[in-house]
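Below is one structure, written out as C-alpha cells, with a few remarks after it.
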Amino acid sequence: MSVRQHKAIQRTYQDLYHRYGPQHWWPGDTPFEIMVGAILTQNTAWTNVEKAIHNLKQAGCLDPESIVSMPIHRLAELIRPSGYFNVKAGRLTHYCQWYLENGGYEQLKALKTQFLRQRLLSVHGVGPETADDILLYGFRRRVFVVDAYTRRLFLRLGIIEGEEDYDGVRVLAEEALKRSVKDMNELHALIVIHAKNSCRVRPLCETCCIRRRCRFQADQAANS
DNA sequence: ACCCAGGGTCATA
DNA sequence: TATGACCATGGG
C-alpha cells in the first residue's frame with residue numbers, strides 16, 4: 001500500500017477520465033436488472049448479455065418472482081445468447097431465491113456494506129467480482145471491482161506484482177481513491193472501456209494495452 | 001480457424 | 001493452496 005502505488009492509480013484514473021469522459025455506469029434501468037447483468041456477464045462479452053436481457057424483458061420475466069417460478073430449461077433458453085446458459089440459469093435462480101428470501105432490495109439495502117458483501121458471497125454462483133458489481137452498481141456502495149482487465153493494466157503499469165489476491169487489489173484501489181462511490185464507479189467502467197479501445201483505436205496509448213495478448217507487448221518483448 | 005470475452009465452481013494432488 | 005477442466009455463445 002505504498003504512496004507510489006496510490007499515485008499511480010490516481011494518475012491512471014485521471015488519464016482515463018480525461019480520455020474517455022464519465023461513463024455513468026451500470027448500463028441498466030433498475031438495480032435488479034444490474035444484478036442480473038452482473039451474473040450473466042461472467043466471462044462473457046456484454047453484447048451477448050444484452051441479447052439475453054432483452055429476451056427476459058420481452059418475455060416479461062425480468063423480475064425475481066418470474067425467474068424463480070420459471071422452469072429452469074425455459075430460463076436457460078431465454079438467456080442462451082449469454083453463454084454458459086445452463087450454469088447461469090442455475091446461478092440466476094439461486095440468486096433470486098436468496099434475494100426474495102431476504103426481502104428484496106428494500107431490506108437488503110439496509111445492511112452494512114461488509115455484511116452485505118459476505119451475504120452475497122454466500123450465494124452459489126456469486127464470486128468476488130460479481131458481488132462487487134452488485135454492491136457498487138446495484139447498491140451504490142463504495143467498493144472497487146477488480147476484473148481481469150484491472151489486473152493486466154495494473155501489472156503492466158508496474159502498480160502490482162501479479163501475486164496479490166482479489167481483495168488485495170480491491171483494497172489498494174479503494175485506498176487510492178478514497179473520495180466517493182462515483183470514483184469507484186468510473187474507474188472500473190473506464191478500465192473496461194479502455195480495454196475495448198486500447199488495441200484497436202489507439203494501440204500505443206500511454207497506459208498500454210490491456211488485452212490478453214497485445215501486439216505492443218509482443219513487439220517490446222521482441223526488441224529486448 | 002483461432003482468440004477472446006466485464007468469472008466461478010469443482011475435482012484432483 | 002494451487003493448478004486444471006469445465007461451462008458455451010457470438011464478434012473480430
Dot-bracket assigned to DNA chain B with the 3.5 Å Watson-Crick/G-U criterion, [ ] for crossing and | for other-strand pairs, is .||||.|||||||
Those residues at least two apart in sequence (or on a different chain) that pass salt bridge (charged side-chain N to carboxylate O under 4.0 Å, His left out) with Glu65(A) are none
Under the ring-ring contact (aromatic ring centres under 6.0 Å, His included) rule, what pairs show up with a residue in residues 46-78 of chain A, not counting sequence neighbours? Trp26(A)-Trp46(A)
Strand contacts (DNA chain C) in residues 44-64 of chain A, 4.0 angstrom heavy-atom criterion: Asn48(A), Lys51(A)
Going by the rule ring-ring contact (aromatic ring centres under 6.0 Å, His included), which residues pair with Tyr105(A) if we only count those two or more places apart in sequence or in a different chain? Phe139(A)
Report the hydrophobic cluster partners of Leu100(A), with the cluster defined as I, L, V, M, F, W, Y residues connected by side-chain heavy atoms closer than 4.5 angstrom, directly or transitively. Val68(A)
Identify, with sequence neighbours excluded, every residue that meets ring-ring contact (aromatic ring centres under 6.0 Å, His included) alongside Phe32(A). Tyr99(A)
Go through the structure and list residues passing salt bridge (charged side-chain N to carboxylate O under 4.0 Å, His left out) with Glu106(A), not counting sequence neighbours. Lys109(A)
Salt bridge (charged side-chain N to carboxylate O under 4.0 Å, His left out) pairs touching residues 23-35 of chain A, sequence neighbours excluded, are Asp29(A)-Lys57(A), Glu33(A)-Lys57(A)
Going by the salt bridge (charged side-chain N to carboxylate O under 4.0 Å, His left out) test, which pairs reach into residues 88-99 of chain A, not counting sequence neighbours? none
Treat primed atoms plus P, OP1 and OP2 as sugar-phosphate and everything else as base, then score nucleotides 8-13 of chain B 5' to 3': B for base contact with protein heavy atoms under 4.0 Å, S for sugar-phosphate contact only, - for none. BSS---
Taking distance alone, no hydrogens or angles, what donor-acceptor pairs closer than 3.5 Å link side-chain atoms of residues 118-126 of chain A to residues at least two apart or in another chain?
{"residue": "Arg119(A)", "atom": "NH2", "partner": "Asn102(A)", "partner atom": "OD1", "Å": "3.2"}
{"residue": "Ser122(A)", "atom": "OG", "partner": "Arg119(A)", "partner atom": "O", "Å": "2.6"}

